[in-house]
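Everything numeric in this text was worked out from a predicted model, so none of it was measured. All ligand and atom numbering here is 1-based and tracks the order in the structure. These numbers come from the heavy atoms of this one structure, side chains and all, not from hydrogens, waters or symmetry mates.
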Amino acid sequence: MAFTSKLIVRALSTSAAHFNSIKTVTVIGSGLMGSGIAQVAAASGHKVIVVDKTQDIINKAESSIKKSLERIVKKKFPDDTKVGKQKYLTDVLENLSLSTDALAAVKSSDLVIEAIVENLDVKKELFSALDKAAPEKTLFASNTSSIPIKEIATATQRKDRFGGLHFFNPVPLMKLLEVIRIPETTDATYKSLEAFGKALGKTTVQCKDTPGFIVNRLLVPYMAEAIRLVERGDASPRDVDTAMKLGAGYPMGPFELLDYVGLDTTKFIIDGWSKKEPDNPLFQPSQMLNKLVKENKLGMKSGEGFYKYDKK
Ligand SMILES: CCCCCCCCCCCCCC(=O)CC(=O)SCCNC(=O)CCNC(=O)[C@H](O)C(C)(C)COP(=O)(O)OP(=O)(O)OC[C@H]1O[C@@H](n2cnc3c(N)ncnc32)[C@H](O)[C@@H]1OP(=O)(O)O
Ligand SMILES: NC(=O)C1=CN([C@@H]2O[C@H](COP(=O)(O)OP(=O)(O)OC[C@H]3O[C@@H](n4cnc5c(N)ncnc54)[C@H](O)[C@@H]3O)[C@@H](O)[C@H]2O)C=CC1
């Protein structure tokens, strides 16, 4: 009996020792998603380093984080004085640093979240380099929309400490986080990732490493069919959007959402899936989408996509 309970105590303390309470985070990629992830992690008390390729890109991310925080602070402190708002902003920004040196940034991190371009080879090259630079204890996660986590994780020697953290755009407002495990992900890693998501104030759902996880498995066919419908000439993007907002209660129509997500990212997603399943009619390329991307009409981020936007 005493022997059994000793074993149980040892098992519990071993798994507790491996549970990684995440305090320091490196976010690689400071675009739409990376800047949002860095913002919510810093706002929930984590020390965050956000990394991108150039100082210019990083500066833009900093200014978009500040704008988003200004919007949040208005709601958070409706009647508060300037002092309370300023303190909140200062506290969040103090938790945040910016860098162009990914290998140096990961050295002090409990968790690395990758949010770079949706391309398997580029993601693998990054993770392979990070794996050599990061401490043993550091957990790795990808925010990929559509690439199998297990394929990205093969670039590392730490598949047991690897998972998916799939956030939704805009990260500061969307409440969901999909937490993905591959067969090698340990329970301790999974629990650490899940606890991190909850610490950010997100509702977490668990999903296996299947194409599109939960949300995109359902969203991609819907968006693809919206594009086909317009390509067939059945309705205009504006009327499809109006129909889905007023008839189905969606906050954005599919074309507004495509522009919001980014048409480059959309094309990366569909091209990746079509390469894997070339005969699947759902994943056939769209001439309309390809033309817009070729013309650098990438949606809100470039000022034009299916719609035109004021450049801020
Ligand atoms: C044939 C080939 C086909 C290929 C098809 C392939 C398709 C592939 C698509 C797959 C996409 C994959 C992407 C992914 O992996 C997962 C995703 O993230 S999917 C996207 C999920 N997101 C949504 O669905 C967003 C839906 N929209 C909304 O919920 C709302 O519209 C939104 C909250 C964005 C904005 O609200 P709205 O009322 O519409 O506008 P306002 O501008 O008035 O904002 C309201 C309120 O919120 C504040 N706010 C807005 N943005 C921010 C921000 N970034 N930070 C802080 N605060 C923000 C704003 O200030 C307002 O505040 P008030 O105080 O209320 O004024
Ligand atoms: N846009 C969306 O709505 C969503 C996107 N995602 C996923 O998140 C990831 C990022 O998407 P977005 O933020 O939309 O893209 P984005 O294009 O806005 O940002 C990507 C950023 O990564 C940087 N980058 C590229 N390679 C890099 C490298 N090697 N090192 C450092 N930085 C690098 C780019 O300079 C850019 O700033 C993708 O995997 C995408 O599928 C997930 C959920 C929603």
Side-chain angles (χ1 to χ4, degrees), residues 26-37 39-40 50-54 56-58 60-61 64-65 67-76 78 99-103 105 113-120 122-123 125-127 129-130 142-147 152 164-178 212-231 245 250-254 256-274 281-290 298-302:
T26 299
V27 179
I28 319 258
S30 73
L32 272 178
M33 297 305 290
S35 59
I37 297 166
Q39 178 185 324
V40 295
V50 57
V51 180
D52 212 304
K53 293 191 288 193
T54 68
D56 190 38
I57 302 176
I58 280 285
K60 282 190 188 129
S64 97
I65 291 173
K67 268 189 208 151
S68 174
L69 284 171
E70 293 282 354
R71 292 161 93 176
I72 283 165
V73 102
K74 267 193 206 156
K75 264 190 243 161
K76 217 175 163 65
S99 171
T100 52
D101 187 346
L103 300 188
I113 305 173
E114 167 274 311
I116 68 167
V117 61
E118 188 72 342
N119 177 298
L120 176 61
V122 182
K123 287 188 194 286
E125 192 184 326
L126 173 72
F127 272 117
L130 298 180
S142 174
N143 181 52
T144 177
S145 297
S146 63
I147 301 173
I152 306 173
L165 284 176
H166 186 223
F167 290 85
F168 293 83
N169 181 21
V171 182
L173 299 190
M174 302 301 282
K175 294 186 172 64
L176 185 69
L177 175 66
E178 292 178 330
F213 314 129
I214 300 172
V215 172
N216 288 342
R217 182 66 173 249
L218 301 174
L219 191 61
V220 171
Y222 155 69
M223 307 276 261
E225 191 50 29
I227 292 184
R228 308 268 181 239
L229 193 156
V230 168
E231 280 185 331
K245 284 189 290 184
Y250 288 12
M252 284 177 167
E256 289 168 337
L257 190 55
L258 285 162
D259 274 0
Y260 196 64
V261 164
L263 302 186
D264 49 348
T265 301
T266 301
K267 180 166 156 54
F268 281 127
I269 294 172
I270 210 70
D271 288 352
W273 281 12
S274 128
L282 199 64
F283 305 148
Q284 295 312 303
S286 150
Q287 283 187 10
M288 193 164 59
L289 179 67
N290 289 351
L298 307 180
M300 281 179 92
K301 62 173 137 185
S302 71

S.K.: Answer yes or no: is there a side-chain heavy-atom contact under 4.5 Å between V27 and V51?
M.R.: no

S.K.: How far is atom 8 (O) of ligand 2 from the closest protein heavy atom, and which atom is that?
M.R.: N143 ND2, 3.0 Å

S.K.: Output yes when K60 and D52 qualify as a salt bridge under the 4.0 Å nitrogen-oxygen rule, no when they do not.
M.R.: no

S.K.: Pick one of side chain, backbone, both or neither for how F167 approaches ligand 2, counting any non-hydrogen atom pair under 4.0 Å.
M.R.: backbone

S.K.: Side chain, backbone, both or neither: which applies to I28 and ligand 2 if a contact is any heavy-atom pair less than 4.0 Å apart?
M.R.: side chain

S.K.: H166 heavy atoms, cut-off 4.0 Å: which ligand 2 atoms fall inside?
M.R.: 42 (C), 43 (C)

S.K.: Taking only heavy atoms of K123, which atoms of ligand 2 are found under 4.0 Å from at least one of them?
M.R.: 38 (C), 39 (O)

S.K.: Whether the side chain of E118 engages the backbone of S145 through a donor-acceptor N/O pair (distance < 3.5 Å, no angle test) should be reported.
M.R.: yes

S.K.: Strictly by modelled atom types, are Q284 and S274 linked by a side-chain donor-acceptor pair under 3.5 Å?
M.R.: no

S.K.: Quick check on contacts: which atoms of ligand 2 are under 4.0 angstrom from a heavy atom of T144?
M.R.: 39 (O)

S.K.: Quick test: of every protein heavy atom, which one is nearest to atom 19 (O) of ligand 2, and how far off is it to 0.1 Å?
M.R.: G31 CA, 3.3 Å

S.K.: Do any N or O atoms from the side chain of K123 and from the backbone of I116 form a donor-acceptor pair under 3.5 angstrom?
M.R.: yes

S.K.: If you measure every N/O of M33 against every N/O of ligand 2, is any gap under 3.5 Å?
M.R.: yes

S.K.: Can you find a heavy atom in the side chain of W273 that is under 4.5 Å from one in the side chain of V220?
M.R.: yes

S.K.: Before signing off on this row, confirm whether D264 and ligand 2 have an N or O atom pair separated by under 3.5 Å.
M.R.: no

S.K.: For ligand 2, is E125 a contact, meaning one of its heavy atoms is under 4.0 Å away?
M.R.: no

S.K.: Please compare D52, L130, V215 and report which has the shortest non-hydrogen distance to atom 36 (C) of ligand 2.
M.R.: D52

S.K.: Do K301 and T265 have side chains that get closer than 4.5 Å, going by heavy atoms?
M.R.: yes

S.K.: Could you tell me whether V261 and ligand 2 have an N or O pair separated by under 3.5 Å?
M.R.: yes

S.K.: Write out the residue and atom name of the closest protein heavy atom to atom 18 (O) of ligand 2, then the distance separating them to 0.1 Å.
M.R.: L32 N, 3.0 Å

S.K.: Minimum heavy-atom separation for F127 and S142, please, with both atom names.
M.R.: CE1-CB, 4.3 Å

S.K.: With the threshold set at under 4.0 angstrom, would you say A115 reaches ligand 2 through any of its heavy atoms?
M.R.: yes

S.K.: Starting from atom 9 (C) of ligand 2, what is the nearest protein heavy atom, named by residue and atom, and what distance separates them?
M.R.: I116 O, 3.2 Å

S.K.: For V51, is at least one N or O under 3.5 Å away from an N or O on ligand 2?
M.R.: no

S.K.: Distance under 4.0 Å to a non-hydrogen atom of K301: what atoms of ligand 2 satisfy this?
M.R.: 16 (P), 17 (O), 18 (O)

S.K.: Hey, are the side chains of L176 and I214 touching, using non-hydrogen atoms and a 4.5 Å cut-off?
M.R.: no

S.K.: Measuring only between side-chain heavy atoms, which start at C-beta, is M288 closer than 4.5 Å to I227?
M.R.: yes

S.K.: For a quick test of reading the model, state the closest non-hydrogen atom pair linking A115 to M33 and the distance between them.
M.R.: CB-CB, 4.4 Å

S.K.: Counting heavy atoms only, name the option from M174, E118, K53 that's nearest to atom 39 (O) of ligand 2.
M.R.: E118

S.K.: Measure from the side-chain N and O atoms of S30 to the backbone N and O of A61, and report whether any donor-acceptor pair falls under 3.5 Å.
M.R.: no

S.K.: Any donor and acceptor pair, going by atom type alone, linking the side chain of E178 with main-chain N or O of F213 inside 3.5 Å?
M.R.: no

S.K.: Could you identify the single nearest non-hydrogen protein atom to atom 6 (N) of ligand 2 and state the distance to 0.1 Å?
M.R.: S145 OG, 3.1 Å

S.K.: Do you know which two heavy atoms are closest between A105 and T26, and how far apart they sit?
M.R.: O-OG1, 3.2 Å

S.K.: For ligand 1, list every N/O pair with the protein closer than 3.5 Å, one pair per line with the distance.
M.R.:
unit_1   : atom_1 : unit_2 : atom_2 : d
ligand 1 : 15 (O) : S145   : OG     : 2.8
ligand 1 : 15 (O) : H166   : NE2    : 2.8
ligand 1 : 15 (O) : N216   : ND2    : 2.9
ligand 1 : 18 (O) : N169   : N      : 3.0
ligand 1 : 22 (N) : N169   : O      : 2.7
ligand 1 : 55 (N) : S68    : OG     : 2.6
ligand 1 : 60 (O) : R71    : NE     : 3.0
ligand 1 : 62 (O) : K75    : NZ     : 3.4

S.K.: Does the side chain of T100 come within less than 4.5 Å of K53's, by heavy atoms?
M.R.: no

S.K.: Please report the interatomic distance CG(D271) to CG(N290), rounded to the nearest 0.5 Å.
M.R.: 6.5 Å

S.K.: What atoms of ligand 2 come closer than 4.0 angstrom to any heavy atom of T265?
M.R.: 14 (O), 40 (C), 41 (O)

S.K.: I'd like to check which ligand 2 atoms, numbered from 1 as shown, lie under 4.0 Å from a non-hydrogen atom of I57.
M.R.: 35 (O), 37 (O)

